[in-house]
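For reference, the structure discussed in these notes is given below.
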Amino acid sequence: MGARTLTQRNASKMYSKILLVALLVRVVGGAGVSSSKPALSTGASLTVSAASSASAMTTATSTPTSGANFPPVGSIPKDFSPAGLEKLWDLVGPVEPPPFTTTVTPTSTRVILPSPPPPLYPTFYAPAPKDVLPNLKFPSGFKFGVATAAYQVEGAVKNEGKGPSVWDWNSRQPGGVIDNTTGDVIDLNYYLYKEDVVRIAALGVTAHSFSISWARIFPFGTADSPVNQEGLQHYSDVIDYHIQNGIAPVATLFHWDTPLALSAYYGGFTSPQVVDDFINYAKTVFKAYNGRVQTWYTFNEPAVYCGQTAGYPFNATLTPGVNASMAPYICSYHVLKAHAGAVKAFREMKIQGEISLKNDDFTGIPWRSNTTEDALAVERHAAFHIGVFSDPLYTTGDWPTIMTDTLPPSYLPRFTEQEKQDNLGSADFFAIDSYRESWIAAPDDGLAACVGNMSHPLWPECHSVVLFDSNAGWAAGISPDPLSETWLQATPNTLRSYLKDLQTRWPTKKMYISEFGFDEPFEAFWTDLFRIKEDVARTNYLMTYLGQILLSIHEDGVPIQGAFIWAMMDNAEWNSGITAKFGIQHVNYTTLERTYKRSALSLAEFFEAHLQS
Ligand code: GAL
């Protein structure tokens, strides 16, 4: 068990030092800092850093590969008593208690927004948010959304009967999180949710996409284990409070925080046992909140989640017989069975509303226009990153043929005819976390050298993501905080063609931009609020993306019905901790006070001018 060396709320100076050291390591040419977005692939990391020429592409390295502390999977017997729960928490170690343990009632249910920030630029250079494409409006009912996830904002991880999740455990493994942030307290949204709701209501937000923590509802995860009524009641209150404040609750059942019990009992999503346990959890939640939640997601970004199972430290929690190379694909198979089973139950139970899952990533653009190999590599990228879950749901019921042609059934289990039928149509809309788009390049030694060669470093995906163009080495867009540099760039210019491409490949009657956002470069360095609030890169990112979304709807006919900004506030950004900042609100980790940044107020102005009542 990795001992915690610092607590999250008094360590901001320490984080700056960590980041400085990390940056120095980069400057002198050492290993890069960790990326929060592992690829589905188990081969070498596919995401390459921008360099001055293709031959100088460097592969980003990340966290340690061993040293995680976890008992052999299957060695802990099921014991659903309080003592049994404590034994599971022992796998995590000591937890920092929150400073208070009751829900805070806001002093006023009406938050008065601060006066708007002065214009960023002269209008000849950039219009005010309300003046971006002023004649275009969003279709009626369009959701102005913000997004969060349970582990990243709730805190109170051991309160009110919750069981541990894999992220409670991971955050304490050596090198698991770059600044040792845990979810123990973080934003304490668990007890401060009312304040958070009234703050977003004041911005004019009409929907909040949050996730439910499985381990709060089933501390032991399994279908034969007891339901935690306190956890069930908590989300009931959260949902009601959103509705009372005119904000539609949008609920995700699984945002990567697998109950640790399931890893201990059978290896989580690398075991077929997870399917029934997930469906049982889903049914419990559907029944409890039916009629109040109208938009549901089963899984958040399953390709990213399943990619994580292969990497440190989660590779210490695999089902016996499953190795890290196969884990992402075996996980994907179980995710799809769990998704399809949950949707079947949703429909049989006649639950109101709509349901889907959230995709991540992009289809891609050929890096070199003069080679068919790069165009073929794009097809591989699209298949492995979006097709993997979208072909089954929207077009064929089955895996993309690129995947079945490459991966043997021992890696990628094949669907039966019945399973294909269950997959196809098991989504009411298409949801995409469309953060960025990049170029895709075939391997230097050609596709043929990779596709049939399991020992090729790029197998099985057999392509690289390139962040700079093949002509003069210009970046695809401005860079985010260095902690996200391996995967994120601001790429508004290609957003329209990207969304059109999704609509062509996986046609849908309704699309949500279920997450998009940007971590302001070096924001964690600042201590003065006036600097922190001036999140120029994020504001530009959001305004340009939203303009493109308007054009996608009006010019391209893409049926987008909502856009959800990641994130409602600063939070625990997975293995980047609180050093990478995605929030449109700052969180002071000493006082837990929230402060609107420029981006939040720009969004309020933009949507006020572009939403139709
Ligand atoms: C998404 C993920 C979020 C958040 C965001 C920024 O992929 O769903 O939890 O971390 O990326 O990295």
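All ligand and atom numbering here is 1-based and tracks the order in the structure.
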Assess whether atom NZ of K533 is packed by more than 12 heavy atoms of other residues, nucleotides or ligands within 6.0 Å.
no

Using salt bridge (Lys or Arg N to Asp or Glu O under 4.0 Å) as the criterion, list what pairs up with K510, not counting sequence neighbours.
E354

Using a 4.0 Å heavy-atom threshold (strictly under), name the region of W487 that reaches ligand 1: side chain, backbone, both or neither.
side chain

Under 3.5 Å between any N/O of D360 and any N/O of ligand 1: does that happen in this structure?
no

Please check if any side-chain donor atom of T491 sits under 3.5 Å from a side-chain acceptor atom of Y545, or the reverse.
yes

Atoms of ligand 1 close to F582 [distance to a heavy atom under 4.0 angstrom, numbered from 1]
6 (C), 12 (O)

Whether H463 side chain and E461 backbone form a donor-acceptor pair below 3.5 Å
yes

Please classify the L488 to ligand 1 contact at 4.0 Å (heavy-atom distances, strictly less than): side chain, backbone, both or neither.
neither

My understanding is that we take every heavy atom of each candidate and find the minimum distance to atom 2 (C) of ligand 1. Doing that for E515, K358, E573, which one comes out nearest?
E515

Run the numbers for me: atoms of ligand 1, each under 4.0 Å from some heavy atom of Q152, listed by number.
3 (C), 4 (C), 9 (O), 10 (O)

Ligand 1 versus H255: contacting region, heavy-atom distance under 4.0 Å:
side chain

Stepwise side-chain hydrogen bond (donor to acceptor under 3.5 Å, both in side chains) check, H381 with D361:
CA-CA 9 Å; H381 182 83; D361 223 288; 2.7 Å; yes

Taking a cutoff of less than 4.0 Å between a non-hydrogen atom of the residue and any ligand atom, is V304 in contact with ligand 1?
no

Do the numbers put R436 on top of the ring of F362, so that NZ or CZ is under 6.0 Å from the six-membered ring centre and no more than 45° off the axis?
no

L546 side, atom CG; F516 side, atom CZ - distance, nearest 0.5 Å
4.0 Å

Provide the number and element of each atom of ligand 1 under 4.0 Å from a heavy atom of W566.
3 (C), 4 (C), 5 (C), 6 (C), 9 (O)

May I ask you to check whether F269 and F314 place their ring centres under 6.0 Å from each other?
no

Quick note on ligand 1: atoms under 4.0 Å from a heavy atom of W574 include exactly 3 (C), 4 (C), 9 (O), 10 (O)

Indicate yes or no: does an N/O atom of N300 lie under 3.5 Å from an N/O atom of ligand 1?
yes

